[in-house]
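Quick notes on the structure that follows.
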Number of protein chains: 2
Amino acid sequence: MSQMQTVEKALREMILGLEVGPGERLTERWIESRFGASRTPVRAALLRLETEGLICRDGRGWTVSPINLAELEQIAVYREAVEVAAVRLTSALAERNAVDVIEAMLDSCDTTTPREEWHRVGMDFHIELARLSGNEFLFRAVRDAMTRLSRARWLEVRDEAALGRAWSEHHAILAAVRAGDADAAAERLSAHIVGSRDRLVTSLHNDRRGLRARGFAVVAA
Amino acid sequence: MSQMQTVEKALREMILGLEVGPGERLTERWIESRFGASRTPVRAALLRLETEGLICRDGRGWTVSPINLAELEQIAVYREAVEVAAVRLTSALAERNAVDVIEAMLDSCDTTTPREEWHRVGMDFHIELARLSGNEFLFRAVRDAMTRLSRARWLEVRDEAALGRAWSEHHAILAAVRAGDADAAAERLSAHIVGSRDRLVTSLHNDRRGLRARGFAVVAA
DNA sequence: GATACCATTTTGGGATACCAAGTTGGTATC
DNA sequence: GATACCAACTTGGTATCCCAAAATGGTATC
């Protein structure tokens, strides 16, 4: 793999894994030495990550994007539009057996599954469901939105009950899709997204002192 | 303005203006000499334009993205999802006087207006309408989709009647928004997008021989 | 002790040099 | 004349160098 892709991938994982905190300054020189690459691939990686919204310009330099509560709310509205459109398309397909794969993914999680895995599966559920629509643009929109939400969702304080609720909501959505009931699927997905958004924003809002104490920039809604 | 932004802007305009045709190969060295910049800003511009979908990798090199009829259809579905969501938000706003600005933009076009201007206004109508929603993600989605559609729409064979129909459909949408009738606005916008898509794809499909004769790569749906 | 000012350092933007891989064109051989 | 092979060139990827501007830190002044 080229250095360009290596740096991009490694830096993205550092950001998503909160190894570099939201709001932290990044210098091209630091990334250079950190990954043993020169500035050209570093530049390319920074430009890509900027379009993904994971980093942003800060005057002349670069900053890991802060957690922005207002942005999280806007993303939820955007997600609702694109995910509902995608799930309606999928529900109308003649061949919908691919939902089985997603169902199996959900069922691969149980009480012994590490939290990290729950987190990944929770994201992939939405991404893979959008992929089934066959519409590349809806798929990319969902994938990019989930990438932007990833850090915030990881910081969210979630108890067992919340994880279980999300799990059963996901299953209910799949059931409606399998039955070809586009309206029910849309309705359940919509409610799921809105509910997730509310819990997410509330959780981060309540925790914002603690998050800031950990050095994470959290800007208010 | 930095060279980076200069090259990016100039090259984007060359592509959108079809000065470099869809499917044409691009070399970094050519762009370098064409704009008198070095490879660093050229690289940055290429990476940005790639994320916009205007150019794509072709093995080791770069190619101006071909006109892809299947992609145009998918974009229409994507647009419908995000534009309808945006117009519903806007219709629900308490303060909707900003539609006047858009209406004035439409009315600035008459029979003496050059085709180029009609084209730009037709795009900006959708972009500015989405901006009014206040949702940054819906706005960007519409803007990016219109950028991707820009070349295809420019190549579309449109008669006076088609331009007039689009103009009155735009007005009808604004009227519904001003009245706060979200359902009517959504319905009219939806029909407008679907109709536009059909006429666009049909026109390009019928013209594909002529387009290829002009050296433009057009891939089928 | 606070502040205004200046020298130094750091930083990102740009230019250039170098390299490996892939392409091309020509030549020698059959 | 067709084809296999090789050398020269082209191209994108990478490393490094230079520069202007901005941040930094220390010092002198009030």
Side-chain angles (χ1 to χ4, degrees), chain A residues 1-16 19-66 68 212 215-217 219, chain B residues 1-16 18-66 68 215-217 219:
Chain A
M1 185 184 292
S2 69
Q3 296 252 8
M4 195 177 80
Q5 291 170 322
T6 304
V7 173
E8 181 185 334
K9 205 175 158 188
L11 184 55
R12 184 189 294 109
E13 281 176 9
M14 280 193 74
I15 294 171
L16 293 180
E19 295 172 54
V20 284
E24 208 166 311
R25 290 289 286 274
L26 290 175
T27 69
E28 298 187 356
R29 258 87 176 186
W30 179 83
I31 301 168
E32 237 180 289
S33 63
R34 178 71 176 69
F35 300 105
S38 80
R39 300 186 64 194
T40 310
V42 169
R43 290 269 184 78
L46 287 170
L47 287 173
R48 289 260 170 70
L49 294 175
E50 185 192 20
T51 68
E52 293 180 31
L54 296 183
I55 62 175
C56 51
R57 294 207 121 85
D58 173 36
R60 211 165 62 113
W62 299 95
T63 299
V64 179
S65 298
N68 185 325
R212 291 208 179 102
F216 296 160
V219 322
Chain B
M1 186 184 291
S2 69
Q3 297 239 13
M4 196 177 80
Q5 291 171 320
T6 304
V7 173
E8 181 185 335
K9 203 174 158 188
L11 185 55
R12 185 189 293 108
E13 281 176 9
M14 281 193 74
I15 293 172
L16 293 180
L18 296 167
E19 293 172 55
V20 284
E24 207 166 313
R25 292 288 285 273
L26 290 175
T27 69
E28 299 187 354
R29 257 86 175 188
W30 179 82
I31 301 169
E32 242 180 281
S33 64
R34 177 71 177 70
F35 299 106
S38 81
R39 300 186 65 193
T40 310
V42 168
R43 271 311 181 71
L46 288 170
L47 288 173
R48 288 259 170 70
L49 294 175
E50 184 191 20
T51 68
E52 292 180 31
L54 296 182
I55 62 175
C56 52
R57 293 206 117 85
D58 173 36
R60 214 165 62 112
W62 299 94
T63 300
V64 179
S65 297
N68 185 325
F216 295 161
V219 322

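Chain naming here is simple, since letters A, B, ... match the order of the sequence lines and numbering starts at 1 in each.
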### Task
Indicate yes or no: at least one non-hydrogen side-chain atom of Glu52(A) is less than 4.5 angstrom from one of Glu8(A).
yes

### Query
Below 4.5 Å, heavy atoms only, C-beta onward: do Val42(B) and Trp30(B) meet side chain to side chain?
no

### Task
Figure out the CZ/P separation between Arg43(B) and dT16(D), and round it to whole Å.
16 Å

### Task
Provide, to the nearest angstrom, the distance between the CG atom belonging to Leu47(A) and the C1' atom belonging to dG13(C).
12 Å

### Contact residues, residues 26-42 of chain B to DNA chain C [heavy atom, < 4.0 Å]
Arg29(B), Ala37(B), Ser38(B), Arg39(B), Thr40(B), Pro41(B)

### Query
salt bridge (Lys or Arg N to Asp or Glu O under 4.0 Å) with Arg34(A): which residues, sequence neighbours excluded?
none

### Task
Applying salt bridge (Lys or Arg N to Asp or Glu O under 4.0 Å), name anything that partners Arg43(B), two or more places apart in sequence or on another chain.
Glu28(B)

Residue list, side-chain contact (heavy atoms from CB on, under 4.5 Å) with [X], at least two apart or on another chain:
{"X": "Arg25(B)", "result": "Asp58(B), Thr63(B)"}
{"X": "Glu50(A)", "result": "Leu47(A), Ile55(A), Arg57(A), Trp62(A), Arg48(B)"}
{"X": "Thr51(A)", "result": "Thr51(B)"}
{"X": "Thr6(B)", "result": "Met1(B)"}

### Task
Without swapping roles, check the side chain of Glu13(B) against the backbone of Ala10(B) for a donor-acceptor pair under 3.5 Å.
no

What's the spacing between [X] [atom1] and [Y] [atom2] if we round to 0.5 Å?
{"X": "Leu11(A)", "Y": "Leu54(A)", "atom1": "CG", "atom2": "CG", "value": "8.5 Å"}
{"X": "Arg39(B)", "Y": "Leu46(B)", "atom1": "CZ", "atom2": "CG", "value": "10.0 Å"}
{"X": "Leu49(B)", "Y": "Ser65(B)", "atom1": "CG", "atom2": "OG", "value": "9.5 Å"}

What are the atom names and distances for every N/O pair under 3.5 Å that joins the protein to nucleotides 6-9 of chain C?
none

### Task
Compare every heavy atom of Val219(A) with every heavy atom of Pro66(A), then report the nearest pair and how far apart it is.
CB-CG1, 4.0 Å

### Query
Which stems, defined as runs of 3 or more consecutive Watson-Crick or G-U wobble pairs with both pairing distances under 3.5 Å, involve DNA chain C?
C:1-30 with D:1-30

### Summary
What residues 50-66 of chain B contributes to the DNA chain D interface at heavy-atom separation below 4.0 Å is Arg57(B), Arg60(B), Gly61(B)

